[in-house]
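Have a look at the structure below, then the notes.
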Amino acid sequence: TAGTQTKILPSGLAAAGEDAPQAVKQMVAAGNRLFAASYLYGGAHGTSLDTLQRAYDCSSAVSYLLHWGGALGTSALDSTGLESYGSPGPGRYVSIYANSAHTFLYVAGLRFDTVEAPAYDSGPNSGKPGPRWRVSGSVPSWATWSVRHPPGL
């Protein structure tokens with residue numbers, strides 16, 4: 001798509017902006033690869049992020065996108081680890097929201113999350129479980145978040 005923003009498609013997959021950095025494009029592609037994955041607490045922890053797994057939890061899904069964007073090694077961080085990952089504050093293209101119980105991220109304006117609550121998703125993935133691209137007008141307000149970003153993004 002034109003510009004730098006990530007857009008959700010009617011299929012529920014996402015398209016990165018053609019002018020977005022390569023790392024953003026790689027994160028969007030990684031998020032699309034998780035489209036068929038299930039949610040499982042603890043899923044994909046203890047395995048290499050180089051290998052696609054059948055199930056992910058919130059932090060392993062976020063870690064997977066960061067890894068494929070070149071911003072994290074091959075081991076998933078838990079949500080507590082993501083609270084202090086990278087640099088403080090929102091990034092220009094990637095912003096991670098984390099606390100000790102949950103994490104999600106925005107990639108060039110589009111949220112990637114495992115929470116399927118319709119109150120926080122009005123897009124084509126609303127009500128569908130697992131790690132998916134989510135559409136909402138604001139950051140979910142049911143918790144206090146530590147906001148971080150990968151350096152340079």
Side-chain angles (χ1 to χ4, degrees), residues 5-8 12-14 16 20-21 23-24 26-153:
Q5 294 296 103
T6 301
K7 307 277 192 280
I8 195 156
L13 297 175
V24 168
Q26 291 170 305
M27 286 183 194
V28 171
N32 287 343
R33 284 194 297 276
L34 295 185
F35 190 77
S38 300
Y39 176 85
L40 175 66
Y41 181 78
H45 284 275
T47 63
S48 173
L49 294 171
D50 285 330
T51 306
L52 189 62
Q53 303 298 316
R54 297 175 74 187
Y56 290 78
D57 67 7
C58 61
S59 57
S60 62
V62 167
S63 293
Y64 185 83
L65 270 65
L66 292 170
H67 169 69
W68 283 98
L72 186 66
T74 59
S75 296
L77 297 174
D78 63 17
S79 59
T80 301
L82 288 163
E83 283 184 285
S84 59
Y85 164 85
S87 299
R92 180 172 180 196
Y93 296 101
V94 178
S95 298
I96 302 157
Y97 290 76
N99 62 40
S100 62
H102 187 61
T103 188
F104 58 91
L105 78 164
Y106 282 86
V107 179
L110 188 61
R111 192 172 98 244
F112 190 81
D113 199 344
T114 57
V115 170
E116 60 191 86
Y120 298 107
D121 183 6
S122 61
N125 292 321
S126 182
K128 295 178 183 174
R132 303 207 187 253
W133 297 105
R134 309 288 178 179
V135 177
S136 61
S138 63
V139 172
S141 60
W142 51 266
T144 300
W145 306 105
S146 172
V147 184
R148 312 289 294 186
H149 67 277
L153 292 175

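The aromatic rings of Trp145 and Trp142 sit perpendicular, their planes meeting at an angle over 60°, well past the 30° parallel limit. Using bins of under 30°, 30° to 60° and over 60° for the plane-to-plane angle, the ring pair Tyr64/Trp68 lands in the tilted bin.
In terms of modelled atom types and a separation under 3.5 Å, the side chain of Ser95 and the main chain of Pro90 share no donor-acceptor contact.
Remark: Arg132 engages no residue in a salt bridge (charged side-chain N to carboxylate O under 4.0 Å, His left out) (not counting sequence neighbours). Under the rule for a ring pair (Phe, Tyr, Trp, His ring centres under 6.0 Å), Tyr93 has no partner lying at least two apart in sequence or in another chain. For the side chain to side chain contact (heavy atoms under 4.5 Å, CB included) test, no residue two or more places apart in sequence or in another chain qualifies with Ser75. Residues passing the side chain to side chain contact (heavy atoms under 4.5 Å, CB included) test with Ala29 are Arg33, sequence neighbours excluded.
Contact check for Thr144 versus Asn99: no side-chain heavy atoms found under the 4.5 Å cut-off. Here the side chains of Pro150 and Tyr85 are in contact, with some heavy-atom distance below 4.5 Å.
Among residues at least two apart or in separate chains, salt bridge (Lys or Arg N to Asp or Glu O under 4.0 Å) pairs with a member in residues 100-115 are Arg111-Asp113.
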Kindly list each side-chain donor-acceptor pair under 3.5 angstrom involving residues 124-131, sequence neighbours excluded, with atom names and distances?
residue, atom, partner, partner atom, Å
Asn125, ND2, Gly12, O, 2.9
Asn125, ND2, Trp133, O, 2.9
Ser126, OG, Asp121, O, 2.8
Lys128, NZ, Pro124, O, 3.2

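Scanning all heavy atoms of the two residues, the minimum distance from Thr80 to Ser100 falls at OG1-CA, 3.6 Å. Closest approach of Asp57 to Gly42, counting heavy atoms only: OD2-N, 3.0 Å. For the residue pair Arg148 and Glu83, the shortest heavy atom distance occurs at CD-O, 3.3 Å. Of all non-hydrogen atoms in Leu65 and Met27, the two that sit nearest each other are O-CG, 3.1 Å. Across all non-hydrogen atoms, the minimal contact from His102 to Thr114 is CE1-OG1, 3.4 Å. Closest approach of Gln5 to Gly109, counting heavy atoms only: NE2-CA, 3.6 Å.
Distance check, rounded to the nearest 0.5 Å: NE2 of His67 to CG of Asp50 gives 3.5 Å. Taking OG from Ser60 and OH from Tyr41, the interatomic distance works out to 11.0 Å, rounded to the nearest 0.5 Å. Summarising the geometry, atom OH belonging to Tyr56 is positioned 7.0 Å from atom CG belonging to Leu49; distances are rounded to the nearest 0.5 Å. Atom OG of Ser84 sits about 10.5 Å away from atom CD1 of Ile96, to the nearest 0.5 Å. The distance from the CZ atom of Phe112 to the OG1 atom of Thr103 is 11.5 Å, given to the nearest 0.5 Å. Once rounded to the nearest 0.5 Å, the distance linking CG of Leu66 with CG of Leu153 reads 9.0 Å.
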>> Determine whether His45 and Ser63 satisfy the following criterion, side-chain hydrogen bond (donor to acceptor under 3.5 Å, both in side chains), listing intermediate values before the conclusion.
In response: CA-CA 10 Å; His45 284 275; Ser63 293; over 6 Å; no
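The residue from Leu105, Leu82, Val139 that alone fulfils the side-chain contact (heavy atoms from CB on, under 4.5 Å) condition with Tyr97 is Val139.
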